[in-house]
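All of these numbers come straight from a predicted model, not from anything done at the bench. Within every chain, numbering begins at 1; the chains are lettered A, B, ... in the order of the sequence lines, protein sequences first and strands thereafter.
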Amino acid sequence: MKTKFFLLDADYITEKKKTFIRLWGKTEEGKNIVVFVKEEPYFYVLPKNSKQAKEEILALLKEKKKEIKNISLVKRTWMGEEREFLKITCLLPQDPPKIRDIVKTLEAKRGGSGSVIEEYEYALNFYRRFLIDHQIDGNCWLEVEGEEVTTKYKVDLAIKADRVIVLDEIHLPPLKILAFDLETYEQAGEKEIVMASFYTQDKQTVLTNQKANYPDWVKVVNGEKELLKGIIKTINEINPDIIVTFYGDAFDFQVLNKRCKAHKVKLIISRDNKETKFARRARVSSARLNGVVHIDLFHFISNILAPNLQTEVLSLDAVSAELLGDKKLEVDYQEMLEAWRKGKNLAKLAEYCLKDAFLTYRLADIILPQIFEIARTVGQILFDVSRMTYGQLVEWYLSRKAHEENIIIPNQPKYEDIIKRRQATYIGGFVKEPKAGLHENIAVLDFRSLYPSLIVSFNISPETLNCPCCQDDGYQVPGLNYWFCKQKEGFIPHVLRNLIEKRAEIKKQLKKMDKSSLAYRVFNNRQYALKVIANATYGYFGFAGSKWYCKECAESCTAFGRFWIKKTIAAAEEAGFEVIYADTDSLFLKTKKGDIEKEATVFLEEINRKFPGILELDLQGFYVRGIFIPRGAAPGTAKKRYALLDKKGELLIRGLETVRRDWCQLAKELQRQVLEYVLKDRDIEKAKKYVREVVKHIRQKEVPLSALILYEELTRPLETYKQLSPHVMAARKLKESRGEVGEGMLVMFVITKGPGSISERATPVELVNSINEIDTEYYVYHQIVPAALRILQVLGVKKEDLV
DNA sequence: TCCCAGCGGGG
DNA sequence: GTGTACGCTGGGA
């Protein structure tokens, strides 16, 4: 029987020493399907002498009583050369690393006979390896041939298949997408779930255990345990293919899991009836529901989209404002606590909760198609791809390409090597420090994909570095004793060149397409996916955890980059521009003679004729005014900081927004206001006056106490702190007064007047009776003045001008 | 100056 | 172990 379906998720199970890949998906008719495919794990051994190595390996495995399926001799490319490898096929997915541990004892460097030099690809994740080997384009249409089997899974169809064929179709099957959000109430670090919202195309509902008068889309249950059961039941009834959350990995699913454990409720949402698992990852674990894809949009926004977003704050509120033009319902934290405590305004909270799910759903509308295309490009599944950083996307893309070209995938560095690699620094991009202060009529130019262009143009790759064939006439790296091969294209330039060409081809086709068509949207996302990978390749060379790490390659990219941007700066100055700031691949220009727009356009045309290969300078935009703050000009100016005002009156802010919760509300708002006065009103005096006003208000205690609260979290048990920072001291006082203080508690405190350090005077807000107890000078000198000076210092404003 | 610890996202 | 991994900043010592 032949069946066609769209792949959504992949994992594996082991049954009686046999391993099956599970492919979860959806048929064209909308049936949920699972396909089992038998697969065997394997890895490679690079032998010094293959006959001897094979004999010794077999003897050793016999001695250790370790079973394998077989050993065969294969040819693979390694560091640009074809070599003979032993391919060891194993029985179970966990075997390759274990058997590798035995085989490695034969290496000479580990005191063995030396018949084995090294082992490869023993730590590749099993289902990811499967996708690579079968050239499956991540989430794509597949055709399988096999027979139907019965399972206890929540699916309409289960098939045991022997053949998987990849189909080239762009449409999506009917998918049910659910956005979901929780509200919790925290006391002494202990969180309880009090509300949940669900948003799908045809069902929007809120569930809560807090009694009040609600609209009819809110359902009230009795107690938290019933609420948990209700949440699970609601999700299972909706039976979504994809669940989207905003920060669900680190918050919603974590809390849900914890509270389910506390009430002994089983958190089963998966299609194989297994409890929700948390796949361990770098900083947060990911909630994985077998057969149902959980996408936490925050990862993709923070890992991939952030550099291209205006906002530096990645909250649901700020991201929605930018991408959707919509915002969260306004409810501040104090107001929310009050509502839960006193049962006040709960209908508003229900609306707030549903709005969050609604925004998440709408963000998914935009973001999911992008992730789908990246998944197809990289060749891995949605769940993983949606959580990858740039480096990981590049790595899996290269792994897939390596397999296509019979190239061995290099090993991941060991932890000690990562540490060592981190110490090996090299010179980065060229930065011409900005001329501090305000500038008018600015043109911003930048190189189109500078580093990918350089990698392709100068054949920058680990195997082409200092090749013996081009000692005298290779691509010489400016200022370094390296060269790259001119004879043979390296693996990475080869992959990148194809990628850039493919993208150019897609962009050409896009011009002919109807913008409202499905094909247009799909191909536009595809060219974006290719761009994402191309632009990340340089960083990947220099990333310490990278499999294709090559410090010399990364160093050469920046060296070529510096060479060309300096040349461009010189040319711009020659052409009569003032270069007010330049960083790596961008230049900020002013002109004294004539119109900046005309001048810059002419300059662009001229300079682009002179560049080699595919190097090209683009116009990023024109700006009416900008403020530039050099490194070290004010506290907290480690990275690039500037703000530009465009012709439409929109502000483009980089590196200035500070929204840490250890800053009080008043300071955060003040900084934004100062920036607007300076850029929009062009009035430094007004900004100064405004700051002095705020200082006066604080000193006269004319500000609400709530604007002065600092929020900091107790991340560990109170007793374990060596360093008695302000929030720790405040928490101690809280414990004295009411006894309950728990790990994970958000300490809300203010700095009160009196003797001692800031810490000693940090007081829980609930122990403060009036604004008169506040240490106004702390707020003036540690909050307001630094926030203002961060911007105003470069305009010649001094502390004394503000207080 | 160095070191410790929190932030970020969520609520 | 379906591995792991940040970079910056404020405050105390």
Side-chain angles (χ1 to χ4, degrees), chain A residues 10-14 19 21-22 41 93-94 96-98 122-130 181-186 191-195 245-255 277 279-284 286 288 290 296-299 301-303 306 312-319 328 331-334 336-337 340 349 352-353 356 381 383-384 389 391-392 412-415 418-419 422 543-546 635-639 655 658-663 710-716 720-729 744 746-747 757-760 762 782-783 786:
Chain A
D11 55 16
Y12 68 82
I13 49 162
T14 308
T19 305
I21 295 286
R22 284 193 303 196
Q94 53 270 40
K98 286 182 188 161
Y122 51 83
L124 280 190
N125 172 293
F126 190 56
Y127 72 78
R128 292 186 185 177
R129 144 119 280 165
F130 175 88
D181 182 58
L182 289 184
E183 305 301 319
T184 63
Y185 176 61
E186 179 215 303
K191 286 186 189 75
E192 260 182 57
I193 297 174
V194 286
M195 201 175 258
T245 60
F246 193 93
Y247 214 56
D249 274 348
F251 185 75
D252 302 70
F253 274 105
Q254 293 289 347
V255 184
K277 289 178 298 193
R280 285 189 64 188
R281 297 170 53 81
R283 264 178 297 167
V284 279
S286 317
R288 185 152 196 172
N290 300 336
D296 176 352
L297 295 177
F298 176 72
H299 296 294
I301 291 167
S302 137
N303 290 335
E312 294 185 33
V313 184
L314 302 179
S315 61
L316 178 60
D317 193 44
V319 174
K328 279 168 72 116
V331 178
D332 75 30
Y333 191 59
Q334 296 295 316
M336 193 179 289
L337 289 180
W340 300 129
L349 285 199
Y352 169 89
C353 185
D356 277 9
I381 51 165
F383 178 86
D384 291 327
T389 60
Q392 289 165 314
Q412 207 141 38
K414 292 190 288 290
Y415 189 65
I418 293 180
I419 301 287
R422 282 210 189 114
F543 160 54
S546 152
T637 47
K639 2 175 243 187
T658 315
V659 284
R660 294 164 56 111
R661 67 183 179 211
D662 50 6
W663 278 45
L710 307 171
Y711 296 84
E712 244 164 302
E713 195 174 329
L714 218 51
T715 58
R716 312 188 256 121
T720 61
Y721 280 88
K722 268 194 282 185
Q723 175 115 0
L724 301 177
S725 46
H727 75 297
V728 173
M729 293 296 274
L746 192 61
V747 187
S757 67
I758 294 172
S759 286
E760 287 168 80
H782 287 258
Q783 297 269 337

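In this structure, A:Phe126 reaches neither bases nor backbone, as no heavy-atom distance under 4.0 Å exists between it and the strands shown. Within 4.0 Å of A:Gln412, counting heavy atoms only, lies at least one base atom of the nucleic acid. Using a 4.0 Å heavy-atom criterion, one finds that A:Phe246 contacts the sugar-phosphate atoms exclusively. In this structure, A:Tyr352 reaches the sugar-phosphate backbone alone: every heavy-atom distance under 4.0 Å involves primed, P, OP1 or OP2 atoms, never a base. Using a 4.0 Å heavy-atom cutoff across all strands shown, A:Ser302 reaches no nucleic acid atom at all. Among the atoms of the strands shown, none is found under 4.0 Å from any heavy atom of A:Ile301. Nucleic acid contact class of A:Pro97 (heavy atoms, under 4.0 Å, all strands): base. Looking at heavy-atom distances under 4.0 Å, A:Lys98 makes no contact with the nucleic acid at all. Nucleic acid contact class of A:Asp252 (heavy atoms, under 4.0 Å, all strands): none. Counting any heavy atom pair closer than 4.0 Å across all strands shown, A:Leu316 reaches sugar-phosphate atoms only and no base atom. As judged by a 4.0 angstrom heavy-atom cut-off over every strand, A:Asp296 is placed among residues making no nucleic acid contact. Here A:Glu186 lies in heavy-atom contact (under 4.0 Å) with a base.
The closest donor-acceptor contact from the side chain of A:Asp296 to the backbone of A:Asp249 lies under 3.5 Å. Using modelled atom types, no side-chain atom of A:Asp252 and backbone atom of A:Asp181 make a donor-acceptor pair closer than 3.5 Å. Not one N or O on the side chain of A:Ser759 forms a donor-acceptor pair closer than 3.5 Å with the backbone of A:Met729.
Remark: A:Phe543 pairs with no residue by the ring-ring contact (aromatic ring centres under 6.0 Å, His included) rule, at least two apart or across chains. Listed by chain and residue number, A:Phe180, A:His294 satisfy the ring-ring contact (aromatic ring centres under 6.0 Å, His included) test with A:Phe253 (two or more places apart in sequence, or in another chain).
Between A:Leu349 and A:Trp340, some side-chain heavy-atom pair lies under the 4.5 Å cut-off. Counting heavy atoms from C-beta outward, A:Phe298 and A:Thr245 have side chains that stay 4.5 Å or more apart.
Distance CD1 (A:Ile193) to P (B:dG10): 17 Å, rounded to an integer number of Å. Distance CD (A:Glu712) to C1' (C:dG12): 13 Å, rounded to an integer number of Å. Atom CG in A:Asn290 sits about 12 Å away from atom P in C:dT2, given to the nearest Å. One atom, CG of A:Asn125, and another, P of C:dG1, lie 13 Å apart when rounded to the nearest Å. For A:Leu724 and B:dC3, the CG to P distance is 19 Å, given to the nearest whole Å. With rounding to whole Å, A:Ile21 atom CD1 is found 10 Å from C:dT2 atom C1'. Between the P atom of B:dG11 and the CZ atom of A:Phe253 lies a distance of 14 Å, rounded to the nearest Å. Here C:dT4 presents its C1' atom at 7 Å from CD1 of A:Ile418, a figure rounded to the nearest Å.
For A:Lys328, the side-chain atoms get nearest to B:dG11 when compared with the rest of B:dG11, C:dT2, C:dG12. Among the nucleotides B:dG11, C:dG12, C:dT2, the one closest to any side-chain atom of A:Tyr127 is C:dT2. Nearest nucleotide to the side chain of A:His727, out of B:dA5, C:dG12, C:dT2: B:dA5.
Between C:dG11 and A:His782, a contact under 4.0 Å exists linking OP1 or OP2 to a side-chain N or O. Listed pair A:Lys414 / C:dA5 fails the phosphate criterion, with no side-chain N or O lying under 4.0 Å from OP1 or OP2. Taking side-chain N and O atoms only, A:Ser725 has no distance below 4.0 Å to OP1 or OP2 of B:dA5.
C:dG1 sits 16 Å from C:dA5 when the C1' atoms are compared, rounded to a whole Å. If you take atom P in C:dT4 and the same atom in C:dC8, they sit 23 Å apart, rounded to whole Å.
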